[in-house]
Amino acid sequence: MMIGNTYKGETWMSEQRKPSFQEQKALKLQIEDEIPKFLDGGMQQAALAFAAHLRTKKMQPSWQSTDSWKVNHKGQNVCVIRLSKGSWCVVPRISRWNKLIDSYNLYEKEITEEGMRDTVLANVNFCRRCASCGPGWPMTILGKEHEDVCHNVPVRYVDPGEAELDCVKRILELMRQTADAQKNPAHKAGKEDLS
């Protein structure tokens, strides 16, 4: 499929040349327009459905970096979606660096009671020495000790299936409740219908 875009009068086709960071930044690419350029079949359908789900929850994906979109809720980055040819990745922003969320352990009770513990643990992201921040750190995630975990992205869901996407949706719902409670201390997390 050939999809054309224009930047500074130049039209590029996704099959011919991928736009540079500066071009993507200027274009403010919409994730729904880009997913078909990277994914096909069931993966494409799942990614498009996930993006639509986010929008119905008032969490708008917006371009962040090359082939990467951030998802905010009330000014807090709760999720990142990354696309690459034939693959995609969802990263709930639960990490030591995120001011909103301490760690997955904040939601250990819900994750365990709702049968999502194995899904989360199967997606722990071990350090790949991809940047100068390595090596990874020892971390306890949902009661299980891990060595050499990426401290920037401790858990990521690569090419998520239905179970992983359901897990991510639930975690994002919990994060929204936490954000709402922090923005409005009188708000009781869990009282608002977020479904």
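Starting from 1, each residue takes its place in the sequence as its number. These numbers come from the heavy atoms of this one structure, side chains and all, not from hydrogens, waters or symmetry mates. Everything quoted here is computed from the prediction, not taken from an experiment.
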Search all heavy atoms of [X] against all heavy atoms of [Y] and return the closest pair with its distance.
X	Y	result
M175	V78	CE-O, 3.5 Å
D159	G86	OD1-O, 4.3 Å
P61	I31	CB-CG2, 3.9 Å
C150	M139	O-CE, 3.8 Å
L39	A47	CD1-CB, 3.7 Å
G136	R129	N-NH1, 4.4 Å

Derivation and outcome, side-chain contact (heavy atoms from CB on, under 4.5 Å), residues Y157 and V91: CA-CA 6 Å; Y157 301 85; V91 181; over 6 Å; no
For W88, side-chain hydrogen bond (donor to acceptor under 3.5 Å, both in side chains) partners two or more places apart: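 So W88 forms no side-chain hydrogen bond (donor to acceptor under 3.5 Å, both in side chains) with any residue.
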Partners passing side-chain hydrogen bond (donor to acceptor under 3.5 Å, both in side chains) against E32 (at least two apart in sequence or in another chain):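 For E32, the residues satisfying side-chain hydrogen bond (donor to acceptor under 3.5 Å, both in side chains) (neighbours in sequence not counted) are R55.
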To the nearest 0.5 Å, how far apart are [atom1] in [X] and [atom2] in [Y]?
X	Y	atom1	atom2	answer
M59	E173	CE	CD	9.0 Å
T66	E23	OG1	CD	10.0 Å
Y107	E113	OH	CD	15.0 Å
K28	S62	NZ	OG	9.0 Å
L27	D33	CG	CG	10.5 Å
L54	Q60	CG	CD	8.5 Å

A side-chain contact here means heavy atoms from C-beta on lying under 4.5 Å apart; do [X] and [Y] qualify?
X	Y	answer
K57	L172	no
V90	C79	yes
D180	H73	yes

Backbone N or O of [Y] within a donor-acceptor pair of the [X] side chain at under 3.5 Å?
X	Y	result
T112	E108	yes
N152	P154	no
W69	L29	yes

Crowding at NZ, K169 (>12 non-hydrogen neighbours, <6.0 Å):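 Result for NZ/K169: enclosed.
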Derivation and outcome, side-chain contact (heavy atoms from CB on, under 4.5 Å), residues N72 and N77: CA-CA 4 Å; N72 288 340; N77 182 342; 3.5 Å; yes
Short N-O contact, D67 and K85, less than 4.0 angstrom: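 Looking at D67 and K85, the cut-off is not met.
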Side-chain donor-acceptor distances from residues 114-123 under 3.5 Å, at least two apart:
{"from": "E114", "atom 1": "OE1", "to": "R170", "atom 2": "NE", "distance (Å)": "2.8"}
{"from": "E114", "atom 1": "OE2", "to": "R170", "atom 2": "NE", "distance (Å)": "3.1"}
{"from": "E114", "atom 1": "OE2", "to": "R170", "atom 2": "NH2", "distance (Å)": "2.9"}
{"from": "R117", "atom 1": "NE", "to": "L142", "atom 2": "O", "distance (Å)": "3.1"}
{"from": "R117", "atom 1": "NH2", "to": "L142", "atom 2": "O", "distance (Å)": "2.9"}
{"from": "N123", "atom 1": "ND2", "to": "T119", "atom 2": "O", "distance (Å)": "2.6"}

Worked verdict on L174 versus L106 for side-chain contact (heavy atoms from CB on, under 4.5 Å): CA-CA 10 Å; L174 292 167; L106 179 62; over 6 Å; no
hydrophobic_cluster_shared for F126 and W137, side chain cutoff 4.5 Å: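 Linked, W137 and F126 end up in one cluster.
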